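Below, chain A is the first sequence line, B the second, and so on; all start at residue 1. Just so we're clear, the structure is a prediction, and the values are computed from it rather than from any experiment.
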Amino acid sequence: MVINAAQLCELLQGELVGNGDEKIHGPSQIDAGIPGTVSFLANPKYEEFAYTTQASVIIVSKDFQPKSQVRASLIKVNDVYGAMMTLLEKFGSNGVPEAGISELAVIGDHFHAGNQVSIGAYAVIEKSVSLGNNSIIYPQVFIGHDSVIGDDVVIYPGVRIYPNTRIGDRCIIHSNAVIGCDGFGYKPDENGHYVKINHVGKVWLEDDVEIGANTVIDRGTLTLTRIGRGTKIDNLVQIAHNVNIGEDTVIAAQAGIAGSASIGNLARIGGQVGIAGHIQIADRVEIQAQSGVHTGKYPAGSRIFGYPAIPYTDYLKSYAVFKQLPEYMKRIEELEKQIAELKKNKT
Amino acid sequence: MVINAAQLCELLQGELVGNGDEKIHGPSQIDAGIPGTVSFLANPKYEEFAYTTQASVIIVSKDFQPKSQVRASLIKVNDVYGAMMTLLEKFGSNGVPEAGISELAVIGDHFHAGNQVSIGAYAVIEKSVSLGNNSIIYPQVFIGHDSVIGDDVVIYPGVRIYPNTRIGDRCIIHSNAVIGCDGFGYKPDENGHYVKINHVGKVWLEDDVEIGANTVIDRGTLTLTRIGRGTKIDNLVQIAHNVNIGEDTVIAAQAGIAGSASIGNLARIGGQVGIAGHIQIADRVEIQAQSGVHTGKYPAGSRIFGYPAIPYTDYLKSYAVFKQLPEYMKRIEELEKQIAELKKNKT
Amino acid sequence: MVINAAQLCELLQGELVGNGDEKIHGPSQIDAGIPGTVSFLANPKYEEFAYTTQASVIIVSKDFQPKSQVRASLIKVNDVYGAMMTLLEKFGSNGVPEAGISELAVIGDHFHAGNQVSIGAYAVIEKSVSLGNNSIIYPQVFIGHDSVIGDDVVIYPGVRIYPNTRIGDRCIIHSNAVIGCDGFGYKPDENGHYVKINHVGKVWLEDDVEIGANTVIDRGTLTLTRIGRGTKIDNLVQIAHNVNIGEDTVIAAQAGIAGSASIGNLARIGGQVGIAGHIQIADRVEIQAQSGVHTGKYPAGSRIFGYPAIPYTDYLKSYAVFKQLPEYMKRIEELEKQIAELKKNKT
């Protein structure tokens with residue numbers, strides 16, 4: 001697709017500063033822009049590249065005032081991220097498999113499929129699975145029996161779904177994620193050997209959930225592990241048995257949530273965070289990357305940090321002192337010396 | 001399966017308080033119990049739900065004394081977890097593939113299979129593999145040549161087993177786990193480029209080991225990476241080359257154990273723990289989640305915490321002060337001021 | 001292969017101390033050496049085993065002076081690791097699939113393959129993929145359309161490569177790694193629901209890169225996620241969208257690098273390290289395991305540690321005081337008491 005700067009500006013309902021005839025072949029990153037592409041200046045950190053990029057057009061906020069000369073044409077818009085998303089949809093497509101069920105897939109009995117589904121080669125679908133309209137099962141996926149999958153779902157190659165899983169509409173599950181495996185539950189026998197606790201619960205991903213590559217979500221012991229509507233989970237995340245996550249929450253890569261923890265709506269959980277079992281995290285709590293959360297006592301909207309996690313600014317202040325501890329230690333020793341002298345002089 | 005409360009009580013050898021005619025269709029979680037189900041009160045944290053649950057029957061410890069009215073019938077037992085396990089086995093089954101080798105599996109030469117094995121579609125088994133009686137290889141599994149797999153083993157879809165791996169009886173390996181890949185070993189050449197060290201060792205999972213989904217266990221460089229009998233490993237765990245783990249140890253999700261570390265028997269390793277290479281962790285050591293263990297000096301049965309890890313209560317005490325460091329800093333400054341004044345007044 | 005100690009010594013251009021007729025059937029680890037094998041003493045930590053190992057031959061540094069009697073024959077060499085690598089290549093081979101394209105693989109249109117490629121059963125290669133000479137695609141691999149893969153590449157079972165990925169010569173990708181999935185990018189709509197940002201960029205692994213099992217590398221939003229020549233990445237690592245990693249860098253297991261971060265050449269990143277988004281890590285920076293890096297301000301060659309990371313020795317010194325904080329707290333209280341007394345006495 002080729003489009004010129006003026007057409008682009010019209011599409012984005014922006015204001016053009018510069019040459020409307022510039023031909024645009026695709027998007028590029030501002031710090032690696034090349035002629036014939038359109039870049040974005042959304043994060044002020046990258047402003048310096050606006051003056052040096054080779055991109056032909058830059059989309060900027062309508063408030064943007066250049067501090068020096070910009071070679072590229074500018075399109076000023078109300079919402080740079082929104083404009084970027086519009087463009088990515090226009091230019092980008094990674095290609096979608098055609099509808100149809102591969103002859104090289106194994107489909108169990110009592111399969112119910114909606115319209116226009118796609119099932120790729122070497123996929124295995126056990127018995128009594130239901131799949132909604134327009135859903136795409138890529139090659140090499142495994143779906144256990146009695147699972148129910150909604151409309152417009154995309155399941156990428158190598159995803160493994162254990163039996164009895166429920167997946168809502170418009171969910172996306174990336175490669176090699178595992179949904180519904182047994183929780184990590186054992187009971188020692190009289191000899192101290194661990195005996196496995198059978199897990200008969202299931203996983204329910206509500207509508208509009210996205211699950212990253214190689215993420216694992218354990219089934220409930222008795223009832224559900226639930227991921228609420230619109231929640232987005234990054235790669236390599238661990239969600240243990242009986243966890244209950246609210247709606248519109250985001251969980252960054254490599255975070256881990258232990259068994260029976262509960263997370264509210266609109267929470268933001270950083271990368272590599274660990275959340276202890278059986279605690280309840282309130283709505284809109286924001287947890288800094290790598291924090292270890294051992295309590296659910298922080299109210300809705302709190303921002304927490306540390307190991308164990310405490311309020312964000314408290315951690316920063318304590319850590320600022322931590323970095324100077326050897327110096328404070330010397331000051332204490334100095335005080336002790338001076339007091340000893342004062343006392344000696346006194347006597 | 002439907003059973004009434006009196007029959008259930010007899011099965012569990014408990015004592016019934018309430019209506020023996022209640023019909024039970026399955027288990028439920030006490031905080032989400034529904035009529036016609038049986039719940040469990042094992043963790044005292046959940047006691048409040050005993051008074052509000054909709055479950056028809058609750059299994060409680062024989063010592064349980066209600067603090068207010070309980071609507072459900074109670075079955076009092078010596079061991080609530082044990083009763084739960086008995087019931088989960090009775091009610092729950094996720095279905096097991098039938099015995100038989102799929103025509104859609106690729107089986108290499110010199111394959112030796114015991115009785116009643118099951119091998120699913122699109123599995124690939126390289127040459128000279130041996131598989132014991134009653135073992136189940138789910139679809140889409142890969143087993144490298146010369147691997148030896150015991151009796152009653154279950155290997156879930158998408159597991160990859162590199163060549164020469166040895167897996168004991170009754171092991172369970174969850175989806176997309178990788179067993180026996182090369183360790184992370186390189187040697188810089190004269191130009192500073194890393195040259196790969198060939199790994200010719202193997203992995204040995206002894207009997208009764210369970211491995212979680214997406215966990216990775218590297219092969220030994222020369223000899224073994226060993227996981228001892230009865231050890232249970234959760235999801236997304238990293239076990240590096242030459243690691244030696246004892247018996248009946250549990251390792252929670254996302255923990256990582258670096259090369260050539262050795263872990264004793266009956267140790268308990270929390271989620272996201274990191275253990276440094278070449279150290280030896282004693283028997284029954286308990287490591288709190290997210291700790292970083294840099295030394296093996298803690299004796300058997302120690303409980304450790306922190307980054308780097310120190311004795312558990314020491315870390316808690318130091319961290320309690322850490323949280324107040326800005327205040328202590330002010331007290332030091334105040335002391336300095338007062339001393340300065342005392343000295344001034346003196347002169 | 002069987003070789004005697006004298007032949008082995010000649011092969012390694014070493015100096016033999018002991019019996020040249022000892023027959024060697026393979027390598028072993030010095031702490032688990034068995035008769036008829038050759039062990040290595042490279043790490044001085046293991047010296048004690050030199051005096052007790054059952055191995056028939058030990059390869060040692062030419063500087064090695066036994067502190068007590070060694071039963072094994074010794075071969076003294078300039079470079080023990082180098083000798084070990086030579087031997088591992090000689091003794092070890094895990095077997096390589098034969099060249100040829102399995103009839104049980106699905107190959108898309110416009111596939112271009114070099115000479116002597118191997119493609120295993122149940123692999124799926126979408127349209128317009130190019131594969132270089134001698135490259136090995138193991139069974140059950142997925143390669144998305146328009147990907148370009150170099151010469152002498154090895155891709156192990158279950159790897160998933162999303163479309164448009166570029167993989168250089170001699171790269172190795174271990175089982176169940178995922179390359180090129182969407183980055184974790186969303187924009188809230190007017191109702192606070194997250195809307196997915198389409199990712200149209202790609203991943204480029206330059207030559208001689210190795211990627212561990214179950215590692216995930218996200219595609220760029222607009223342009224590239226780049227892994228530089230010779231960089232080695234361990235298992236279960238997360239590399240987010242738009243990350244740019246230099247050459248000859250090593251990243252240990254379970255580390256995570258957030259979006260748009262940039263890492264220099266020859267850096268060393270420990271296990272479970274977290275690196276924040278949009279920062280730049282200089283060349284040769286060494287980051288201790290589990291550190292959380294929030295700034296790129298440390299110069300080339302720095303060694304950093306902590307959460308957040310600070311210079312290595314600073315962290316150690318502060319942590320040494322941290323461990324004694326309860327005692328320092330008491331000393332502050334004692335000082336306050338003494339000052340109060342001094343003041344009281346004064347008045």
Side-chain angles (χ1 to χ4, degrees), chain A residues 26-29 32 39-40 43 45 81-82 84-85 88-89 91-95 104 120-122 138-140 156-158 172 174-176 208 210 212-214 230 232 234-236 248 250 252-254 266 271-272 289-290 307 319 322-326 328-329 332 335-336 339 342-343 346, chain C residues 106 122 124 126 140 142 144-145 158 160 162-164 176 178 181-182 184 186-187 192-201 214-216 218 220-224 236 238 240 242 254 256 258 272 274 276 278 290 292 307-308 310 314 317-318 320-322 325 328 331-332 335 338-339 342 345:
Chain A
S28 68
Q29 234 169 257
S39 287
F40 306 84
N43 185 335
K45 273 195 182 177
Y81 275 116
M84 183 168 91
M85 288 172 71
L88 288 181
E89 267 177 49
F91 281 110
S93 163
N94 285 316
L104 298 171
Y122 312 132
Y138 270 87
Q140 302 158 332
Y156 281 98
I172 301 171
H174 285 282
S175 280
N176 292 350
D208 298 301
E210 184 161 358
N214 281 343
K232 311 296 184 185
D234 201 353
N235 306 321
L236 292 161
D248 297 314
V250 288
Q254 296 174 320
L266 291 158
Q272 298 180 337
Q290 286 192 328
Y307 168 60
Y319 198 73
F322 172 87
K323 291 191 272 186
Q324 297 174 295
L325 278 178
Y328 283 107
M329 184 186 65
I332 291 173
L335 283 167
E336 288 169 339
I339 292 238
L342 281 171
K343 284 173 116 175
K346 188 127 192 195
Chain C
V106 170
Y122 312 131
V124 172
E126 290 191 332
Q140 303 159 329
F142 177 89
H145 58 78
R160 313 297 166 189
Y162 280 53
N164 287 306
N176 291 350
V178 178
C181 47
D182 294 347
F184 195 62
Y186 304 91
K187 185 175 178 295
H193 300 338
Y194 290 103
V195 181
K196 185 174 173 67
I197 294 176
N198 198 4
H199 277 68
V200 302
N214 281 342
T215 280
V216 179
D218 288 345
T221 314
L222 295 167
T223 49
L224 275 186
L236 292 161
Q238 153 75 357
N242 309 321
Q254 297 174 318
Q272 299 180 336
H278 295 274
Q290 286 193 327
Y307 168 59
I310 58 178
D314 291 356
K317 283 178 194 163
S318 282
V321 181
F322 171 87
L325 278 178
Y328 281 108
R331 285 163 69 176
I332 291 174
L335 284 166
Q338 293 188 14
I339 292 238
L342 281 171
N345 294 349

Given that the side chain runs from C-beta out, which part of A:K45 has a heavy atom under 4.5 Å from chain C: side chain, backbone, both or neither? side chain

Can you check side-chain contact (heavy atoms from CB on, under 4.5 Å) on C:H193 and A:D208, steps first, answer last? CA-CA 9 Å; C:H193 300 338; A:D208 298 301; over 6 Å; no

Decide yes or no for C:L325 and A:L325: does some side-chain heavy atom of the first lie under 4.5 Å from some side-chain heavy atom of the second? yes

Which region of A:Q29, side chain (C-beta onward) or backbone (N, CA, C, O), has a non-hydrogen atom less than 4.5 Å from a non-hydrogen atom of chain C, or is it both or neither? both

What is the minimum heavy-atom distance between A:S28 and C:L222, and which atoms define it? O-CD1, 3.3 Å

Please report the closest heavy-atom contact between C:Q290 and A:Q290, naming both atoms and the distance. O-NE2, 3.4 Å

Taking C:Y162 for its side chain and A:S175 for its backbone only, find out whether a donor-acceptor pair lies under 3.5 Å. yes

Proximity breakdown for A:P326 and chain C, heavy-atom pairs closer than 4.5 Å: both

Ranking A:P157, A:A289, A:G212, A:A253 by heavy-atom pairs under 4.5 Å to chain C gives rank one to A:P157

Contacting moiety of A:Y319, where chain C heavy atoms sit under 4.5 Å: side chain

Without swapping roles, check the side chain of C:S318 against the backbone of A:F322 for a donor-acceptor pair under 3.5 Å. yes

For C:V124 and A:A121 the tightest heavy-atom approach is CG2-CB, 4.2 Å

List the steps, then state whether side chain to side chain donor-acceptor pair (under 3.5 Å) holds for C:Y194 with A:E210. CA-CA 10 Å; C:Y194 290 103; A:E210 184 161 358; over 6 Å; no

Using side-chain hydrogen bond (donor to acceptor under 3.5 Å, both in side chains) as the criterion, list what pairs up with A:Y156, not counting sequence neighbours. none

Decide yes or no for A:P27 and C:V200: does some side-chain heavy atom of the first lie under 4.5 Å from some side-chain heavy atom of the second? yes

Any side-chain heavy atom of C:V216 sitting closer than 4.5 Å to one from A:H174? no

Heavy-atom proximity to chain C below 4.5 Å, by part of A:L335: both

Which atom names give the shortest non-hydrogen contact between A:N235 and C:Q238, and what distance separates them? ND2-OE1, 2.9 Å

Heavy-atom proximity to chain C below 4.5 Å, by part of A:Y328: neither

Work out which heavy atom in C:N214 is nearest to a heavy atom in A:N214; give both atom names and the distance. O-ND2, 2.9 Å

Do A:N176 and C:R160 come close enough that some side-chain heavy atom pair is under 4.5 Å? yes

As an exercise, state the distance from CZ of C:R331 to CD of A:E336, rounded to the nearest 0.5 Å. 4.0 Å

Could you report the tightest heavy-atom contact between A:Q140 and C:Y122, atom names first, then the distance? NE2-O, 2.9 Å

Contact origin within C:Y186 toward chain A - heavy atom pairs under 4.5 Å: side chain

Contacts of type salt bridge (Lys or Arg N to Asp or Glu O under 4.0 Å), residue C:K187, not counting sequence neighbours: A:D79

To the nearest 0.5 Å, atom CZ of C:F142 lies from atom OH of A:Y138 at 6.5 Å

Using non-hydrogen atoms only, which part of C:I332 is less than 4.5 Å away from chain A: side chain, backbone, both, or neither? side chain

Residue from C:T221, C:D314, C:D218 scoring the most non-hydrogen pairs under 4.5 Å with chain A is C:D218

